[in-house]
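Quick note on labels: first sequence line is chain A, next is B, and so on, each numbered from 1. These numbers come from the heavy atoms of this one structure, side chains and all, not from hydrogens, waters or symmetry mates.
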Protein chains: 2
Amino acid sequence: MEVTAPAPCRPSACLKVSQVLSRIGDKWSVLVIMRLRERSCRFSELKREVDGISQRMLTLTLRNLERDGLVSRTVTPSIPPRVDYELTALGHSLAEPVQALGAWAFQNMAQIEAAQAHYDGGERRP
Amino acid sequence: MEVTAPAPCRPSACLKVSQVLSRIGDKWSVLVIMRLRERSCRFSELKREVDGISQRMLTLTLRNLERDGLVSRTVTPSIPPRVDYELTALGHSLAEPVQALGAWAFQNMAQIEAAQAHYDGGERRP
DNA sequence: CAGTATCCGTACGGATACTG
DNA sequence: CAGTATCCGTACGGATACTG
């Protein structure tokens, strides 16, 4: 697999690309995607394992991901009800570049923190 | 260059990774980074070329990127003053995975829009 | 269990005016 | 030119209570 596609950035296309990226940018989507990457998951499992997410936000995040075709929702009508979420093929393909970005963040975390400390240390105004 | 680093996701690390990603997630950082990827740029050029950004937001975005060590700021004391921004090595290294994500977004834009249209079409409540 | 409905604070970001 | 300072609306997201 090549790292092709010079990613055109004509304003028109760029706008839509931005919209797609804003989904990645929201507070929880990436965490949910990364969690679902390992295996499909029930609602309550996600709630437990995606650290700090509220019920409301988990629902909203999953609905948006479902709407974008990144996650599929499977209801098993039982008592109590059971709902499983899993990444679609599209979702899995997104997980790859997201993962790359996560790896970058992890690898360069220390350097970023150092830069921040240095920046904050050069006190502009006491 | 290998695509190593399985990106650990222990809660502790994940939190910091999330913080780094939230910078990517904000409304303008990615656009500015992509613009600076081509070549360094003056403040006013960025304002003109990053479509729709306000003066205030451009300043804030650049300050944050500078603080993270992703962008460097060079002042030329002349009249009128001249300030150039360019990606640091760290900034360039970030641009790669960001670019990959952008390419993904571009390639799958149509599929996402189709999924949205389908989702919205299955009207749950009229 | 897997949600929905309300309420409510705050952070984000735009518009505008001013400045070294 | 390259900013800073203010003001101000809205969207995001948390807490809480309720439900099929």
Please determine if a side-chain N or O atom of Arg42(A) lies less than 4.0 Å away from the OP1 or OP2 oxygen of dA2(C).
-> yes
Does Arg63(B) put a side-chain nitrogen or oxygen below 4.0 Å from OP1 or OP2 of dT4(D)?
-> yes
Indicate, with a heavy-atom threshold strictly under 4.0 Å, whether Thr59(B) touches base, sugar-phosphate, or nothing.
-> base
Should Asn108(B) and Leu94(A) count as side-chain neighbours, where that means a heavy-atom distance under 4.5 Å?
-> no
Base partner of dT16(D), which must satisfy Watson-Crick or wobble distances under 3.5 Å = dA5(C)
What distance do Thr88(A) atom OG1 and Glu66(A) atom CD have between them, rounded to the nearest 0.5 Å?
-> 10.5 Å
How long is the line joining CD1 of Ile53(A) and P of dG14(D), in whole Å?
-> 8 Å
Please give, in whole Å, the distance from dA5(C) C1' to Met57(A) CE?
-> 13 Å
Atom CZ of Arg37(A) and atom CG of Leu87(A): how far apart are they, to the nearest 0.5 Å?
-> 8.5 Å
Gap separating the CG atom of Leu70(B) from the CG atom of Leu62(B), nearest 0.5 angstrom = 11.5 Å
Is there a side-chain contact between Leu60(B) and Trp28(B) (heavy atoms, below 4.5 Å)?
-> no
Side chain of Phe43(A) - closest among dG14(C), dC1(D), dA2(C) = dA2(C)
Please report, rounded to the nearest Å, how far the P atom of dG14(C) is from the NZ atom of Lys27(B).
-> 4 Å
Ser54(A) side-chain proximity, nearest of dG13(C), dG13(D), dG14(D) = dG14(D)
5' priority, DNA chain D, between Pro80(B) and Asp26(A) [closest heavy atom] | Pro80(B)
What integer distance in Å separates Leu58(B):CG from dA15(C):P?
-> 14 Å
Starting at NZ of Lys47(A) and ending at C1' of dT16(D), how long is that distance when rounded to a whole Å?
-> 12 Å
Between dG13(D), dA2(C), dG13(C), spot the one nearest the side chain of Pro81(A), thanks.
-> dA2(C)
Touch class at under 4.0 angstrom, heavy-atom based, for Arg56(B) against every strand present | base
What is the distance from CD of Gln19(B) to P of dA11(C), rounded to the nearest Å?
-> 15 Å
Specify the separation, in whole Å, of atom CG of Leu60(B) and atom P of dG13(C).
-> 9 Å
